[in-house]
Trainee: 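So that we are looking at the same thing, I have put the structure below in structure tokens.
Order of appearance sets the numbers: ligands from 1, and atoms from 1 within every ligand.
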Amino acid sequence: MAKIHILDENLINKIAAGEVIERPASVIKELIDNSIDAGATEITIFIENAGKKKIGIIDNGCGLDEEDIFLCIERHATSKIKEAQDLYKITTHGFRGEALASIAAVSKMTIRSKPENANEGIELIIKSGIVKNKNIVGMQTGTEIIVEDLFFNTPVRKKFLKTEATETAHFLNVITNHSLAYPHINFKFYNENKLIFESPKVTSRLEALLNLYGYSIKDDLIVVNKKIEDVNIEAYFGNPKLSRKSRDRQKIFVNNRFIRNTMINAAVYNSYKTLLGVNEHPMYIVFIDLPAEQIDVNIHPTKIEVRFVDNIKIKNILENVFTDALQTSEKINPNIKLKTYSVAELKKEQLSNIALELEQSSVKKIQNYSLELEQKSDEAQQKTENIELAITEKSAENLELNYRIIGQINNLYIIVECDDGIKIIDQHAAHERILYNKFMKIIKSKEKIEAQMLLLPLTIELTQSEKILINQWLDVFEKMGMILEDFGGNTLILRSVPLFIGSRADDKRLLLDLIDDILALGKIHTIDEKLHNIVALMSCKSAIKSGSRLLVSEMQEIVEHILQDKDIKTCPHGRPTFINLSFAELEKTFKRT
Ligand code: ADP
Ligand code: MG
């Protein structure tokens, strides 16, 4: 590796400097970047107290000699650029010479390092950026850095640190992002001396990706490998089955740097077009590799953004490649083949057996679904026929509440006549609130919710960082009758759901949505807040959907709750459940008064 030197002032002025170390996980990002720049193939990371007490990294990179080990903690000391032109062809992660200086300034740091050609390593003990001690140590070639008591001398920054689980999850994000970009590097991550993530040395990004997200998603990935002009694109798109409510599984790498980029994000969403539902976010991992001089990495203090020199060119290339891949993939748009039959064959086979020959099971599901729909619409017809009868019967029964259901309109609103006027009820919002109140009552009255064991336990694949956050909620899940177990690796197992949730909810979808909501919440701590969120979501998932035709009995149940319960004017998310149109108002409107 080239020797370290201090950048001259002209060059420093050209650099987009800023705060580098804002939280413990930023430390590890910078340290891993350095190890990768030093050519390491083995990188071990360990933390204690979510990095507040200790952050350590050991690499087998090129190491630092005695002169450089003193220089590396100086401000603007770097071995990676020399002159202004170098800024336009950066192939390393670091180049500003800021990271080690900023980390050393706010911690107690130990650096040990040995280059290939030295027999012994050198150890420096540093406090608040000042070298306190130098020792000779025996060690392998490479570098070891330990950062203790981060922010000990900046109490204000220390005060604003996030909870430990959140911060540990951030560490995992940083480490797993690097593991995706560098499949040939063996990363190990120890939290409190426990190995919680390891990426074995593999030869492809796909293998690294499957190591992170679980091998079960392999068949649901649409893979793109294309080189257009000098732009190499390697992309993995999840089919809509892998879509989530959160955007966590979306990653963009440009020349192996994890970045955010709205243009690329938009190109992905535009390519999915109608394949995504509202609030559904696809999984995508995109690697773009292009000559270093075609990007500017010197535009953002933490290097999380880059600028493409020819943005329009990249945009066009990506839009074409992505759209082509997604709109033609059979994993998303399965082919339906019509089989043709001869007259002889027709005679042999029952007419009802001749249908679509389906190549893919997903299509089979669609077929079953449309069959079901047909049956349902038949049922619905039957139901409507019975409605009038039922209404007259029922309104006689319910004299004490005194209401008359006029009917359901637009498969969404229930119209009901009461003493003083009519009410228009939003069936979903109202039912959601009814269930919420009911679930809350059950939870508050009983010590334990009755759970219903699933015949087939459901497995859910999460990343390690997701698992760490969810592990904090397991007690709340259990209180709710959802027994979740850690199955090791990426897998969680759902063994039971609460009995009261009924059959309307799709258990797996429910759990995935719960998890996404919880991941998005982050800061919520009290058990009451946790319960409110889980119960609100469960109510939403098990409630009657808008767009579904209701039985009279279903309408009655909703109407009676609306008329009787006080605490029901809004759904758990605060939207109104019904509106009143009084006879007095109607009279005024029609100018009868
Ligand atoms: P930058 O990465 O921007 O050059 P840093 O402050 O992160 O600045 O590091 C300063 C210098 O220290 C680097 O340029 C590199 O030469 C050296 N260095 C840092 N970490 C390592 C490491 N793990 N192995 C070898 N050299 C390192
Ligand atoms: Mg660096």
Trainee: Output yes when the distance from some N or O of ligand 1 to some N or O of Leu100 is under 3.5 Å, and no in every other case.
Mentor: yes

Trainee: Decide if the gap between the ring center of Tyr182 and the ring center of Phe187 is smaller than 6.0 angstrom.
Mentor: no

Trainee: For Asn177 and Phe253, run side-chain contact (heavy atoms from CB on, under 4.5 Å): C-alpha distance rounded to whole Å, both residues' side-chain angles, the deciding distance at 0.1 Å, then the answer.
Mentor: CA-CA 9 Å; Asn177 284 347; Phe253 297 86; 4.3 Å; yes

Trainee: Short list, please: which atoms of ligand 1 are under 4.0 Å from a heavy atom of Ala99?
Mentor: 6 (O), 7 (O)

Trainee: Can you tell me if Lys53 has over 12 outside heavy atoms packed within less than 6.0 Å of its NZ?
Mentor: no

Trainee: With a cutoff of 4.0 Å, is Glu30 in contact with ligand 1, counting heavy atoms of the residue only?
Mentor: no

Trainee: Between Asp513 and Lys245, does any side-chain N to carboxylate O distance fall below 4.0 Å?
Mentor: no

Trainee: Any side-chain donor paired with an acceptor under 3.5 Å for Asn211 and Ser199?
Mentor: no

Trainee: Between Phe308 and Lys313, is there a cation-pi geometry (under 6.0 Å to ring centre, at most 45° from the normal)?
Mentor: no

Trainee: Taking only heavy atoms of Arg96 into account, list the atoms of ligand 1 that are under 4.0 Å away from them.
Mentor: 3 (O)

Trainee: For atom 22 (C) of ligand 1, which candidate among Ile145, Ile4, Thr143, Ile57 provides the closest heavy atom?
Mentor: Thr143

Trainee: Can you list the ligand 1 atoms lying under 4.0 Å from a non-hydrogen atom of Ala38?
Mentor: 24 (N), 25 (C)

Trainee: Which count of protein N, O or S atoms is obtained for distances strictly below 2.8 Å from the Mg ion (ligand 2)?
Mentor: 1

Trainee: List ligand 1 atoms under 4.0 Å from Cys72, heavy atoms only on the residue side.
Mentor: 10 (C), 12 (O)

Trainee: Could you tell me if any non-hydrogen atom of Gly61 lies under 4.0 Å from any atom of ligand 1?
Mentor: no

Trainee: Just heavy atoms, cut-off under 4.0 Å: does Ala40 contact ligand 1 by side chain, backbone, both, or neither?
Mentor: neither

Trainee: Is it the case that Thr203 and Glu207 place a side-chain donor and acceptor less than 3.5 Å from each other?
Mentor: yes

Trainee: Polar-atom distance check: Gly94 versus ligand 1, any N or O pair below 3.5 Å?
Mentor: no

Trainee: Side chains of Asn60 and Thr41 only: does a donor on one sit below 3.5 Å from an acceptor on the other?
Mentor: yes

Trainee: Ile103 versus Ile145: any side-chain heavy-atom pair under 4.5 Å?
Mentor: no

Trainee: Minimum heavy-atom separation for Cys72 to Leu100, with atom names?
Mentor: O-CB, 3.5 Å

Trainee: The test is side-chain contact (heavy atoms from CB on, under 4.5 Å); show your working for His93 and Lys303 and say whether it passes.
Mentor: CA-CA 9 Å; His93 282 284; Lys303 298 175 261 176; 5.5 Å; no

Trainee: Which ligand 1 atoms, with their elements, are less than 4.0 angstrom from a heavy-atom of Phe95?
Mentor: 1 (P), 3 (O)

Trainee: Can the positive tip of Arg205 be found less than 6.0 Å from the middle of the six-membered ring of Phe287, inside 45° of the ring normal?
Mentor: yes

Trainee: Show which atoms of ligand 1 fall inside a sub-4.0 Å distance from at least one heavy-atom site of Glu98.
Mentor: 6 (O), 8 (O)

Trainee: For atom 20 (N) of ligand 1, state which one of Ile32, Asn34, Ile15, Ile43 supplies the nearest heavy atom.
Mentor: Asn34

